[in-house]
There are 2 protein chains.
Amino acid sequence: MCFYTDLMFTQSEENYLKAIFHLEQEGEAGVATSNLSEQLQAKAASVTEMIKKLADKNLVDYQKYYGVRLTENGRKQALNIVRKHRLWELFLAEHLGFKWDEVHEVAEQLEHIKSEKLIDSIDKLLGYPKNDPHGDPIPDKNGNLEKKNKSLLSKCKPGDSGVIIGVKDTSSSFLQYLDKQHIAIGTKFTIQHKEPFDGLLDIDINTKQLKMSHKMAANLYVETNESSS
Amino acid sequence: MCFYTDLMFTQSEENYLKAIFHLEQEGEAGVATSNLSEQLQAKAASVTEMIKKLADKNLVDYQKYYGVRLTENGRKQALNIVRKHRLWELFLAEHLGFKWDEVHEVAEQLEHIKSEKLIDSIDKLLGYPKNDPHGDPIPDKNGNLEKKNKSLLSKCKPGDSGVIIGVKDTSSSFLQYLDKQHIAIGTKFTIQHKEPFDGLLDIDINTKQLKMSHKMAANLYVETNESSS
DNA sequence: TTAAATTATTAGGTTTGCCTAAATTTTAAT
DNA sequence: ATTAAAATTTAGGCAAACCTAATAATTTAA
């Protein structure tokens with residue numbers, strides 16, 4: 001029984017909306033079938049099929065062969081799912097002792113629970129938080145998403161200092177690697193030296209001096225007070 | 001990806017297991033297709049079909065035309081779902097301010113989330129509780145279900161006193177009616193008089209004298225110190 | 001600019017879980 | 001004991017969401 005004029009969506013539809021949203025965030029205007037196919041671990045043919053369904057429901061604009069974009073309504077729905085996902089992640093971390101590399105998988109399931117009261121209560125319990133355990137912003141109830149101007153640590157220059165505010169790669173292996181190095185959201189750093197050849201950084205972090213690979217730096221979002229130069 | 005030799009079940013399969021479990025509790029040895037059909041709001045033909053699938057997976061013993069019973073493994077799985085349902089109900093009530101008539105619907109969804117760590121954490125957070133908000137016992141991790149000897153208030157005789165320990169009907173309307181009368185789990189009572197004609201009770205409850213219909217009394221589980229008679 | 005390679009779509013299948021209608025078995029009543 | 005009623009199962013379909021294989025459009029590169 002569904003009392004809403006506002007339709008409800010299947011888990012699969014929700015996953016598509018979320019995937020399109022994330023790929024749009026990555027820059028492309030017009031998300032390609034192949035990218036969705038990869039993101040969703042489904043064959044391209046399946047993606048085309050679902051895209052058509054979403055287009056029929058006015059959740060996406062679709063032009064054959066030229067990819068897909070969220071409509072305003074589609075974006076609103078996607079943001080709501082992202083909101084739920086990130087709130088659940090934070091709940092798991094803060095109230096149930098999950099580590100930041102453990103929250104994603106379970107949140108993938110919890111995000112599909114249909115109860116406005118439930119998610120609003122979780123939001124309240126958490127104190128209307130702004131960011132999830134990976135530093136990603138949590139959309140508010142109205143779909144407003146804070147757009148912090150974050151940059152990648154790999155773009156910083158010697159002399160720059162700042163704070164880690166997020167991770168790009170959220171894989172368990174990367175997050176556990178960060179744990180091992182005691183790097184977390186909020187950790188402060190100063191760049192001492194950057195090797196021109198391979199981008200290897202000498203970086204002050206946690207009162208220690210560390211050699212950080214370019215690959216690692218390219219997966220850390222930072223907020224900097226740029227050095228005067 | 002499923003790492004368990006122990007299979008995982010679809011939501012629908014889980015709902016069937018749970019429904020069979022509940023109907024077995026109601027007494028019948030051999031749950032009828034028609035009862036499952038009613039409980040699950042599905043047509044009898046659909047039930048027969050699913051029963052066969054569960055029988056193939058050794059979750060139920062099935063004899064055509066003579067109903068279905070859980071196997072030992074089926075019972076174990078059913079208890080696990082019941083456990084999750086009741087823990088979620090209590091979590092919603094205790095940590096998110098849900099009223100006892102609001103918890104069931106959401107728990108119906110949450111019970112299907114697949115994460116042992118999640119439910120164990122909730123269990124721990126709640127302090128390994130023994131009962132859900134309706135007074136029903138919560139199976140432990142090993143599938144042990146406390147079997148309290150509860151009886152119905154409607155079976156009590158004048159002079160009996162005791163405590164409300166559970167509700168049989170868990171519909172919103174009944175639960176809200178109880179709220180209105182300030183009757184809850186733990187509420188004490190003494191029966192003053194019982195009308196032979198229609199079972200209407202004069203009952204001391206909440207320091208007030210109340211007329212309680214037989215129908216209402218037949219939906220309240222109690223623990224009594226029977227009057228010496 | 002045209003052919004080859006890549007990408008996307010269509011066509012036709014599969015599985016799950018539901019349905020209706022028809023056939024069968026059990027149960028109840030005379 | 002027989003028949004009518006009720007319950008159950010079988011048979012055949014449908015929609016969702018996936019798949020493979022074949023076809024078509026676009027892009028790239030010679």
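Convention: sequence-line order gives letters A, B, ...; per-chain numbering from 1.
Under the side-chain contact (heavy atoms from CB on, under 4.5 Å) criterion, B/Gln109 pairs with A/Ile113, A/Lys114, not counting sequence neighbours. Applying the side-chain contact (heavy atoms from CB on, under 4.5 Å) rule to A/Lys141 yields the partners A/Arg83, A/Glu116, A/Asp120; only residues at least two apart in sequence or on another chain are considered. The side-chain hydrogen bond (donor to acceptor under 3.5 Å, both in side chains) search around B/Glu111 returns B/Lys18, B/His85, not counting sequence neighbours. For A/Glu102, the side-chain hydrogen bond (donor to acceptor under 3.5 Å, both in side chains) partners two or more places apart in sequence, or in a different chain, are B/Lys117. Partners of B/Leu70 under the side-chain contact (heavy atoms from CB on, under 4.5 Å) rule, at least two apart in sequence or in another chain, are B/Leu17, B/Ile20, B/Phe21, B/Glu24, B/Val60, B/Arg75, B/Ala78. Considering only residues two or more places apart in sequence or on other chains, B/Lys64 meets the side-chain contact (heavy atoms from CB on, under 4.5 Å) condition with B/Tyr62. B/Gln176 pairs by the side-chain hydrogen bond (donor to acceptor under 3.5 Å, both in side chains) definition with B/Asp101, not counting sequence neighbours.
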I'd like a table of atom pairs between the protein and nucleotides 14-16 of chain D - only N or O on both sides, under 3.5 Å - with the distance next to each one.
none

Do any N or O atoms of the protein come closer than 3.5 Å to N or O atoms of nucleotides 8-12 of chain D, and which pairs are they?
unit_1: D/dT8; atom_1: OP2; unit_2: B/Ser34; atom_2: N; d: 2.8
unit_1: D/dT8; atom_1: OP2; unit_2: B/Ser34; atom_2: OG; d: 2.9
unit_1: D/dT9; atom_1: OP1; unit_2: B/Tyr62; atom_2: OH; d: 2.3
unit_1: D/dT9; atom_1: OP1; unit_2: B/Tyr65; atom_2: N; d: 2.9
unit_1: D/dT9; atom_1: OP2; unit_2: B/Thr33; atom_2: OG1; d: 3.0
unit_1: D/dT9; atom_1: OP2; unit_2: B/Thr48; atom_2: OG1; d: 2.7
unit_1: D/dT9; atom_1: O5'; unit_2: B/Tyr62; atom_2: OH; d: 3.3
unit_1: D/dT10; atom_1: OP1; unit_2: B/Lys64; atom_2: NZ; d: 2.6
unit_1: D/dT10; atom_1: OP2; unit_2: B/Lys52; atom_2: NZ; d: 2.6

Which side-chain N or O atoms in residues 30-47 of chain B pair as donor and acceptor under 3.5 Å with protein atoms at least two apart or in another chain?
unit_1: B/Asn35; atom_1: ND2; unit_2: B/Glu28; atom_2: OE1; d: 3.0
unit_1: B/Asn35; atom_1: ND2; unit_2: B/Glu28; atom_2: OE2; d: 3.3
unit_1: B/Ser37; atom_1: OG; unit_2: B/Ala42; atom_2: O; d: 2.6

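Pairing analysis of DNA chain C (Watson-Crick: purine N1 to pyrimidine N3 plus N6-O4 or O6-N4; G-U wobble: N1-O2 and O6-N3; both under 3.5 Å) yields stems of 3 or more pairs at C:1-30 with D:1-30.
Counting heavy atoms from C-beta outward, B/Trp100 and B/Thr170 have side chains that stay 4.5 Å or more apart. Within the 4.5 Å cutoff, the side chain of B/Lys157 has no heavy atoms near those of the B/Lys194 side chain.
Each of B/Val167, B/Ile165, B/Leu152 was scored for a side chain to side chain contact (heavy atoms under 4.5 Å, CB included) with B/Leu220, with one residue passing: B/Val167.
Along DNA chain C, the stretch of nucleotides lying under 4.0 Å from any heavy atom of chain A spans, 5' to 3', C/dA8 to C/dT10.
A/Glu89 approaches A/Ala107 most closely through the heavy-atom pair CG-CB, 3.5 Å.
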